[in-house]
There are 2 protein chains.
Amino acid sequence: MVDHVPEENVNQVVDNGKGESGPEGGGRGYELPLLLFGGFRTLIDRLHARLATEGHPDLRPSHGFAMQAVGARGATASEIGRRLGVSKQAAGKTVDRLLALGYAERADDPADARRKLVHLTPRGYEALARSAAIFDELRAEWAAALGADRVRDLEAALRNVVPAETAFRLDATSWLGAP
Amino acid sequence: MVDHVPEENVNQVVDNGKGESGPEGGGRGYELPLLLFGGFRTLIDRLHARLATEGHPDLRPSHGFAMQAVGARGATASEIGRRLGVSKQAAGKTVDRLLALGYAERADDPADARRKLVHLTPRGYEALARSAAIFDELRAEWAAALGADRVRDLEAALRNVVPAETAFRLDATSWLGAP
DNA sequence: GGCACATGGTCAACCATGTTGTCGATTCTA
DNA sequence: TAGAATCGACAACATGGTTGACCATGTGCC
């Protein structure tokens, strides 16, 4: 889609004057989020490239997050919304999407006539299982490239610095653009 | 926005059976992308919380990416689109929003009547300069919490494992949802 | 000089994903 | 039992993407 990387690096518009030997000397501060996002996107892109070749070409990153929010025991749209950090209406639309793709089903809850329980189809479970396996493989690749201890330390460092509630919130899609 | 964290952790739908002592023993593979994204989001959220208190409450993460793509010397909508990895039409819409927010301006290029050069306003430069300074501060906080060497190693590790072209591509918004 | 082609900007239609607000139905609870 | 809370749905709208079409302009080449 993009066929070049511009020669004038777009990330050097603002130089804070501290140069290479800034506060820590190991990189300017703005690189940190880009590296983290780059790592995340690298993993997610490779996951979905693999999934696409394994019978799940229509699965998007957001669908994976949504299926995780559905969970093994199923959930209502409202619950899914809370887990993803979005409104129940938005969650309902996402569920519609999963239904259309064949990854989830909706059924009345016999115990509560208001609720409609969303649960994964076998195809949905299969996609999640494949995702887990592929993530393990990708992590092993990182361990081979970096050393297992460095990957462990990277994870440990991030766990220290990412608030626990933030670490596993799954609202990946929304927060970027919305007001 | 979200008022709880569900007790049943939503990320354990699929357990690959390897348990705690999986391929590397330091964490299941699916945690890695979540931690990376969590770190990224933590930084970006805190950046924009700070920016909001400093006169830029309407600035969104995507606007920051877009302003980086505009660059110090200005750019056309087509160039911005290439840098962000989106179509020129999408870039044009983004530029419209930057104009409306007062962060950029559009001017005819005297040397080429087709082109309309987008450049940052003083307010746009100021926002980028503040962002750079805040990122430096946030990185310093991580260094204080983790140790400067661990932050450096984290950056070095990610640089090793993230393709160079990927590291500084700025198309944050699009890839998540689009087909 | 002139023509073919590439490039830049814009318009229109559409999609996916969010947001509020409202509403009826149902369940919980004081 | 009456009022409050919850669930799902619908509608209207914003945002940020996509294609496709179109016109104006610049460029390269015969």
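Note that these values count all heavy atoms, side chains included, but never hydrogens, waters or copies made by symmetry. Lettering of chains follows the sequences in order, A, B, ..., and the numbering in each one begins at 1.
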Quick one: is D/dG17 close enough that its OP1 or OP2 comes under 4.0 Å of any side-chain N or O from B/Ser87?
no
Interatomic distance, A/Arg115 CZ vs D/dA5 P [rounded to whole Å]:
19 Å
Does C/dT17 have its OP1 or OP2 closer than 4.0 Å to a side-chain nitrogen or oxygen of A/His63?
yes
Any N/O donor-acceptor pair, B/Lys93 side-chain to D/dG16 base, under 3.5 Å:
no
Can you find a donor-acceptor N/O pair under 3.5 angstrom joining the side chain of A/Lys116 to the base of D/dG8?
no
Within less than 4.0 Å of OP1 or OP2 of D/dT6, is there a side-chain N or O belonging to A/Arg82?
no
Can you name the residues that form a side-chain contact (heavy atoms from CB on, under 4.5 Å) with B/Asp112, not counting sequence neighbours?
B/Asp109, B/Arg114, B/Arg115
Enumerate the residue pairs fulfilling ring-ring contact (aromatic ring centres under 6.0 Å, His included) with a member in residues 83-103 of chain A, sequence neighbours excluded, ordered by first and then second residue.
A/His56-A/Tyr103
Checking all strands, does B/Ser78 fall into the base, sugar-phosphate, or nothing category for heavy-atom contacts under 4.0 angstrom?
sugar-phosphate
Quick one: A/Asp58 CG to C/dA16 P, roughly how many Å, whole number?
11 Å
Spell out yes or no: do the side chain of B/Glu79 and the base of C/dG8 have one donor N/O and one acceptor N/O closer than 3.5 Å?
no
Considering only residues two or more places apart or on different chains, which pairs with a residue in residues 67-86 of chain B satisfy ring-ring contact (aromatic ring centres under 6.0 Å, His included)?
none
Value in whole Å for how far the C1' atom of D/dA24 lies from NZ of B/Lys88
12 Å
Find the distance A/Ile80:CD1 to D/dC7:C1' and express it as a whole number of Å.
13 Å
Shortest non-hydrogen separation from B/Phe40 to A/Pro33 and the atoms involved:
CD1-O, 3.1 Å
Under 4.0 Å between a side-chain N/O of B/Ser62 and OP1 or OP2 of D/dG16, yes or no?
yes
Show every ring-ring contact (aromatic ring centres under 6.0 Å, His included) that has at least one partner inside residues 70-98 of chain B, sequence neighbours left out.
none
If you measure from the Lys or Arg side-chain nitrogens to the Asp or Glu carboxylate oxygens, is any gap between B/Glu79 and B/Arg73 under 4.0 Å?
no
Could you list the donor-acceptor pairs under 3.5 angstrom formed between side-chain atoms of residues 90-99 of chain B and any protein atom two or more places apart in sequence or on another chain?
unit_1: B/Thr94; atom_1: OG1; unit_2: B/Ala90; atom_2: O; d: 3.1
unit_1: B/Asp96; atom_1: OD1; unit_2: B/Arg106; atom_2: NH2; d: 2.4

Looking at DNA chain D, which of residues 96-114 of chain A put a heavy atom within less than 4.0 Å of it?
A/Arg106, A/Arg114
Would you say the base of C/dG8 and the side-chain of B/Gln89 have a donor-acceptor pair closer than 3.5 Å?
no
Side chain of A/Ala90: nearest nucleotide among C/dT19, C/dC11, D/dG8?
C/dT19
Between B/Thr76 and C/dT7, is there a contact of a side-chain N or O with OP1 or OP2 at under 4.0 Å?
no
